[in-house]
Amino acid sequence: MSREQLSFVRSHMLPEAPPPTAETGAIKWLRENLFSSPANTLLTLVSAYVIFKIVMGAAPWFINGIWDSPSLTACREILGGKVGGCFAVLTERWNQLLFGFKYPPELYWRPTLAFVLLFVAVAPVLFIKYLPRKLLVFTGLYPFIAFWLIWGGPIATPVFALLGVLVGIFVYFRLLRTSAGVAVIAGFLAALVFWILSGYLKAPFDGFLAMEAVASRDMGGFMINLMLGVVCVSLSLPIGILLALGRQSSMPIIKWICVVFIEFIRGVPLITLLFVANVVLAYFLPPGTNFDLILRVIIMITMFSSAYIAEVIRGGLAALPRGQYEAADSLGLDYAQSMQLIILPQALKISIPGIVNVAVGLFKDTTLVSVISMFDIVGMIRGPILASPEWNGVYWEVFGFACVLFFITCYGISQYSQWLERQLQTDHR
Amino acid sequence: MTTMTDPPRASFQLSSLIYDTRYRSYTFQFIALVLLMLLIGYLGMNLIQNLASQGQDISYRFLGEPSNYDINQRPIEYDSRSTHLRASIVGVLNTLIVAFLGCITATLFGVTAGILRLSPNWLVRKLMAIYVEAFRNVPVLIWILIIFTIMTAVMPAPNQFRGEDASASMLFDSFAFTNRGVYTPAPIWGPGSLVVVLVFLASIFGVFYYRHYATKLLYDTGRLLPMGWPSLVILFVPTILIYFIMGRPISLDYPELRGFNFGGGLHIRGSLIALWFALAIYTGAFIAENVRAGIQAVSRGQTEAAASLGLRPRRIMNLVILPQALRVIIPPLISQYLNLTKNSSLAIAVGYMDVTGTLGGITLNQTGRAIESVLLLMLFYLTISLSISAVMNVYNNSIKLKER
Amino acid sequence: MKRTVFLGTLTVAGLAAGASAAATLDDVKARGKLNCGVTTGLVGFAAPDANGVWEGFDVAVCRAVAAAVLGDASAVEFVPTTGKTRFTALASGEIDMLARNTTWTFSRDTDLKFDFVGVNYYDGQGFLVPKSLGVSSAKELDGATVCIQTGTTTELNLADFFRANNISYEPVPIETNAEGQQQYLAGACDTYTTDASGLASTRAAFENPGDHVILPEIISKEPLGPLVRHGDNDWGDIVRWTLNALISAEELGVTSANVAELGSAPGGNPEINRLLGTEGDLGAMVGLDNDWAKRAIAAVGNYGEVFEKNIGEKTPIGLARGLNAQWTDGGILYSPPFR
């Protein structure tokens with residue numbers, strides 16, 4: 001035996017042994033994640049039992065579901081005592097759930113098209129990094145197109161509204177050099193004057209490219225929730241920014257107007273504001289004027305959400321380091337420039353999660369309009385569908401459907417906002 | 001203004017109201033004020049005109065008139081001869097009841113779910129994530145209606161408890177879950193029960209005192225007294241002793257079937273339960289997120305530092321993580337409470353007689369005094385919100401980190 | 001961007017809105033549509049069918065007025081209102097008339113400043129109970145749970161009735177008829193109370209209507225009728241006399257089938273001639289043409305036809321004429337003469 005063979009140091013590596021079975025693959029994962037301690041095991045078993053119960057309860061209900069039947073009694077007959085859902089109510093009342101019961105069926109393509117275009121219009125804003133900026137022009141045009149598609153009527157109405165906006169923007173940019181505040185006010189006034197004048201000019205174009213007009217009160221179903229959500233969020237963003245800036249302003253009167261407005265709106269439940277829209281607002285308008293309930297509701301919900309958005313943006317403004325304001329001042333930028341170029345872009349970025357939260361909350365709150373006898377999706381379910389002799393007694397299917405619609409929309413929005421937050425992260429971690 | 005630059009008065013022109021930044025803010029404020037006045041004046045004029053043309057007026061006299069309607073849940077004495085004012089107060093109390101119950105339950109749900117979302121157990125974590133996402137992303141109104149439907153359509157009617165072959169039975173012979181609500185035993189306060197209650201209150205103080213004393217002893221001498229079981233002993237033993245010494249003055253009134261309904265006991269109505277649980281579960285999902293965010297906001301270094309000091313995991317949680325997490329959790333928690341209180345106005349969807357149901361509902365309908373009622377209603381919610389915000393501000397200031 | 005659309009709409013809406021305070025008739029004519037307030041859905045009285053077309057007893061009144069004023073029974077915009085919103089909708093001018101089984105009461109007529117133009121259904125509040133409850137009189141309902149629609153006079157009647165009889169009850173307030181139905185069927189309340197006609201309509205929608213009975217006690221007077229704003233008497237006259245025309249038509253034997261024939265030339269009965277405008281100038285007196293009543297009757301039929309078609313004994317609702325028969329048949333329907 002040579003000395004080499006007696007060396008204490010291993011001369012070659014042992015082959016890598018596989019880890020013990022308890023430390024690999026699924027078993028390891030199970031051990032670490034589900035059964036790491038007695039308490040954990042108990043929790044796992046309890047949760048598994050809960051899931052099992054839910055699945056066992058719901059599975060036959062889905063599997064035996066009836067998708068085609070004229071009424072609940074017929075559906076129950078088909079089921080013949082078995083557990084099963086009568087999803088036929090969804091197929092039979094599909095259009096009512098989505099469009100309400102009075103929107104002319106032959107015109108369903110219009111709101112549907114508007115809905116599809118919504119994605120086209122929002123995409124450039126949502127994915128601003130990936131899509132060409134020129135597409136934003138379509139986003140700007142979208143409100144007018146959507147208005148025309150959903151409400152119909154002569155094309156002159158949205159066109160003149162658009163022209164009014166353009167006039168306002170033109171005036172704004174002409175006066176921007178003087179003072180941003182003056183420019184905003186003047187732009188606003190110019191647009192207003194244009195609209196009032198266009199009221200007289202419009203008449204000759206009334207027959208031109210006119211689509212069949214649909215009154216707002218003929219709208220209903222999930223469409224109303226979407227419309228209210230989209231319109232009110234988009235309206236309340238600029239108003240919210242103005243309110244937030246106003247609240248931060250050094251001018252005491254403007255500051256106090258904003259503070260009182262914001263605190264008042266945030267202090268009362270939305271439903272009281274809807275009561276105002278429904279039963280009180282008429283008293284504060286000139287005798288004889290009377291506009292759509294939907295418009296009154298839009299005004300109130302917009303006021304509501306802009307107060308919340310203002311607070312979120314104020315949080316963003318406050319979170320910016322003082323140095324940013326001072327740096328902007330030291331560059332010689334005036335108020336409007338420093339806000340537009342330095343402060344707001346950063347503050348809005350910080351506020352995105354908050355704004356999305358407000359938007360999601362607002363979208364969910366649009367169901368409250370059912371309390372003031374508007375037939376949104378909840379109103380449709382509680383009113384015409386559950387009251388009809390055919391479908392009296394169907395609850396889970398319709399409420400479940402509403403839940404699914406809202407869940408998809410709200411979850412989608414919040415997932416997007418998380419993605420956006422990651423995209424906008426400019427600090428290095 | 002007078003020392004540094006040229007005297008502005010000398011160079012003042014009308015145009016400097018727009019072009020001179022020194023005066024511009026006055027111009028804006030003046031314009032804003034005028035516009036506001038014009039708006040208020042315009043609305044006021046319209047109101048006066050409208051009221052005049054309809055021959056109505058603004059008056060709160062209706063509050064003193066008999067309401068003529070009944071309310072099922074009456075925390076205070078009330079019948080149909082009582083005034084509208086009293087009906088409103090009943091409504092206010094009902095709002096406060098559901099808000100109070102909802103806040104407590106929501107906190108329970110939220111804290112449990114928030115902590116479990118951080119649990120090492122994968123299944124539990126996912127289950128809690130599903131709970132949070134499902135409830136956060138669906139309108140609370142739909143949840144209220146669903147739970148109310150469960151209450152009315154799934155629970156047995158009282159007469160199913162009746163007869164020999166009853167299809168439903170009471171839990172422990174003392175709890176009845178019916179579609180009209182839940183009937184539970186109610187305490188009857190016999191003579192001498194006051195003493196028992198007082199002793200119980202005293203024991204609560206006793207527990208606080210003991211804990212205070214134990215902490216002080218720990219800091220002064222380093223001796224660690226046990227906290228858990230002595231607290232329980234102090235809390236319960238004297239009360240139970242006194243209870244038996246006084247000859248069991250507090251007894252329970254069990255619900256039983258009488259006539260059409262269950263009689264006796266405490267009746268928690270279906271509408272209250274639906275509202276209470278829907279609000280609690282919904283708000284709980286939000287609170288869970290706040291709790292999770294709060295705990296995650298405490299940096300890992302804190303846990304590691306505490307561990308390196310030799311603290312045990314439970315003490316790390318109690319002494320290091322929670323105090324720091326609470327600072328982050330409490331402000332959003334309070335605003336969730338505020339939201340819950342405001343959302344309780346959805347009571348109107350299930351016929352729970354809160355202030356929106358009485359003052360903003362039946363009273364408004366019966367008297368036709370829309371402006372007055374809605375105004376009062378808003379004032380009520382505004383008062384609650386502003387007082388909660390005031391409390392929150394005081395709290396925020398008291399816990400503010402004293403930096404720099 | 002979108003803010004401006006909204007303002008644009010606002011302006012357009014502001015410009016488009018006329019003055020409704022003065023002359024409702026001119027507004028309606030200018031608009032080409034009658035805005036009529038109805039319930040959010042009560043089968044037989046006013047409810048949209050599967051195609052969204054409104055049908056019912058109250059709806060017929062709206063259609064008759066539209067036919068009389070505009071010549072087109074379909075030129076009606078039905079505005080669903082709840083117990084809470086109906087009066088504000090009328091007061092604010094959002095609707096021109098309200099036909100929403102609304103009870104004519106002193107305070108509504110005077111304090112709320114409305115004008116009830118007549119009664120199209122004499123009703124009273126009743127109780128619906130399951131037969132299995134074994135109750136034969138409302139006075140046996142001591143301790144019962146009562147489902148009741150809020151914001152209606154029924155609430156007040158109920159409180160008065162139980163108070164007068166010194167028995168207790170537990171009110172369960174509900175918002176809509178559909179919910180009342182749901183709760184009652186689930187047994188969450190022992191009895192459902194509302195106007196007897198509404199009960200019949202609700203019961204008709206049940207799977208087994210025979211298992212439920214309406215108790216004999218009628219605890220209130222509920223004259224239901226259309227109403228308009230106080231102050232515009234010309235408009236009130238039109239609605240009032242359109243309703244009366246339907247009632248008189250039944251009394252005089254004018255139906256939707258024979259109205260064209262009877263109205264083509266003056267006949268033997270001068271009152272029919274005046275009603276249908278073949279004689280005299282009644283139409284001009286209310287600011288319409290002379291065929292107004294003819295159009296109304298042709299569009300919806302006379303009162304009896306409307307009744308039979310929507311809520312009569314042959315319909316699922318199955319209401320007997322009872323008080324609502326012509327005075328000549330022992331009822332209390334009594335139209336003032338067309339003269």
Side-chain angles (χ1 to χ4, degrees), chain A residues 29 32-34 36-37 40 43-44 47-48 50-51 178-179 181-182 185 250-254 257 263-264 266-273 275-276 279-280 282-287 334 360 363-368 370-371 378 381-382 393 395-396 399 402-403 406-411 414, chain B residues 18-19 21 24-26 28-33 36 42-44 46-47 49-51 53 116 119-127 133-134 136-142 145-146 149 153 341-346 348-349 356 360 364 370-371 373-375 377-378 381-386 389:
Chain A
W29 187 87
E32 284 188 352
N33 287 299
L34 298 180
S36 60
S37 68
N40 242 329
L43 271 179
T44 305
S47 333
V50 169
I51 296 174
T178 323
S179 143
V182 174
I185 296 172
S250 55
M251 299 181 238
I253 294 179
I254 292 191
I257 292 175
E263 290 304 321
F264 175 76
R266 277 162 39 92
V268 298
L270 178 57
I271 198 143
T272 55
L273 291 177
F275 281 168
V276 169
V279 295
V280 178
Y283 285 103
F284 290 98
L285 298 172
D334 66 8
V360 170
F363 179 58
K364 288 185 293 175
D365 279 348
T366 55
T367 49
L368 299 200
S370 65
V371 175
V378 177
I381 292 173
R382 293 177 77 195
Y395 308 113
W396 308 117
F399 279 127
C403 285
F406 275 100
F407 182 80
I408 291 174
T409 329
C410 297
Y411 190 70
S414 57
Chain B
I18 291 181
Y19 294 108
T21 42
R24 200 148 63 190
S25 70
Y26 293 108
F28 282 147
Q29 296 196 51
F30 181 72
I31 293 175
L33 199 62
L36 185 72
Y42 176 71
L43 295 179
N46 285 336
L47 177 66
Q49 264 188 351
N50 280 320
L51 287 175
S53 72
L116 285 183
S119 134
N121 189 320
W122 179 85
L123 197 60
V124 172
R125 223 158 51 218
K126 289 295 162 200
L127 211 58
E133 292 301 341
R136 257 160 38 112
N137 286 316
V138 172
V140 61
L141 180 61
I142 296 186
L145 291 173
I146 287 181
T149 309
T341 311
K342 285 191 280 173
N343 279 338
S344 73
S345 56
L346 292 177
I348 199 161
T356 321
L364 189 158
I371 302 177
S373 302
V374 173
L375 204 62
L377 195 61
M378 288 181 141
Y381 282 110
L382 206 57
T383 317
I384 289 202
S385 302
L386 292 183
S389 322

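Computed from a predicted model, the values in this text were never measured in an experiment. We name chains A, B, ... by the order of the sequence lines, and we start the count at 1 in each one.
Listed options Y411(A), W396(A), F275(A) were ranked by heavy-atom pairs under 4.5 angstrom with chain B; first place goes to Y411(A). The choice from V371(A), I381(A), L368(A) that makes the most heavy-atom pairs within less than 4.5 Å of chain B is L368(A). No other option in I31(B), L33(B), L123(B) has as many heavy-atom pairs under 4.5 Å with chain A as L123(B). For the set V280(A), V279(A), N40(A), the count of heavy-atom pairs under 4.5 angstrom toward chain B peaks at N40(A). Of the listed residues (C410(A), P269(A), P252(A)), the greatest number of heavy-atom pairs within a distance under 4.5 Å of chain B belongs to P269(A). In terms of heavy-atom pairs under 4.5 Å with chain A, the best-connected choice from L346(B), L375(B), L51(B), V140(B) is L346(B).
Interface residue L386(B): only side-chain heavy atoms are found under 4.5 Å from chain A. Proximity to chain A (any heavy atom under 4.5 Å) is shown, for L382(B), by both the backbone and the side chain. Residue contact with chain B, scored on non-hydrogen atoms closer than 4.5 Å, is absent for T366(A). Contacts between F264(A) and chain B at a heavy-atom distance below 4.5 Å involve backbone atoms as well as side-chain atoms. Looking at L127(B), only its side chain comes within 4.5 Å of chain A, counting heavy atoms on both sides. Residue contact with chain B, scored on non-hydrogen atoms closer than 4.5 Å, involves the side chain of V378(A) exclusively. Heavy atoms closer than 4.5 Å to chain B are found in the side chain of Y395(A), but not in its backbone. The contact between L47(B) and chain A is made by backbone and side chain atoms together, counting heavy-atom distances below 4.5 Å. Only the side chain of I257(A) comes within less than 4.5 Å of a heavy atom in chain B; its backbone stays farther off. In this structure, the portion of I51(A) lying under 4.5 Å from any heavy atom of chain B is its side chain and not its backbone.
Minimum heavy-atom separation, F284(A) to N50(B): N-ND2, 4.2 Å. Listed here is the closest heavy atom pair of M378(B) and V276(A): CE-CG2, 3.6 Å. The two residues N137(B) and S414(A) come nearest to each other via the heavy atoms OD1-OG, 4.4 Å.
Side chain of S373(B) to backbone of A370(B): no donor-acceptor contact under 3.5 angstrom is found. With hydrogens and angles ignored, the 3.5 Å screen pairs no side-chain donor or acceptor of K342(B) with any backbone N or O of I271(A). Proximity of a side-chain donor or acceptor of R382(A) to a complementary backbone N or O of L145(B) within less than 3.5 Å is not detected.
If you take CG on L285(A) and CG on L43(B), they are separated by 7.5 Å, rounding to the nearest 0.5 Å. Put simply, OG1 on T149(B) and CZ on F399(A) are 4.5 Å apart, with the number rounded to the nearest 0.5 Å. We find the OG1-CG distance between T44(A) and N121(B) to be 3.5 Å, quoted to the nearest 0.5 Å.
Two residues are said to be in side-chain contact when any heavy atoms from C-beta on lie closer than 4.5 Å; L141(B) and S370(A) meet this criterion.
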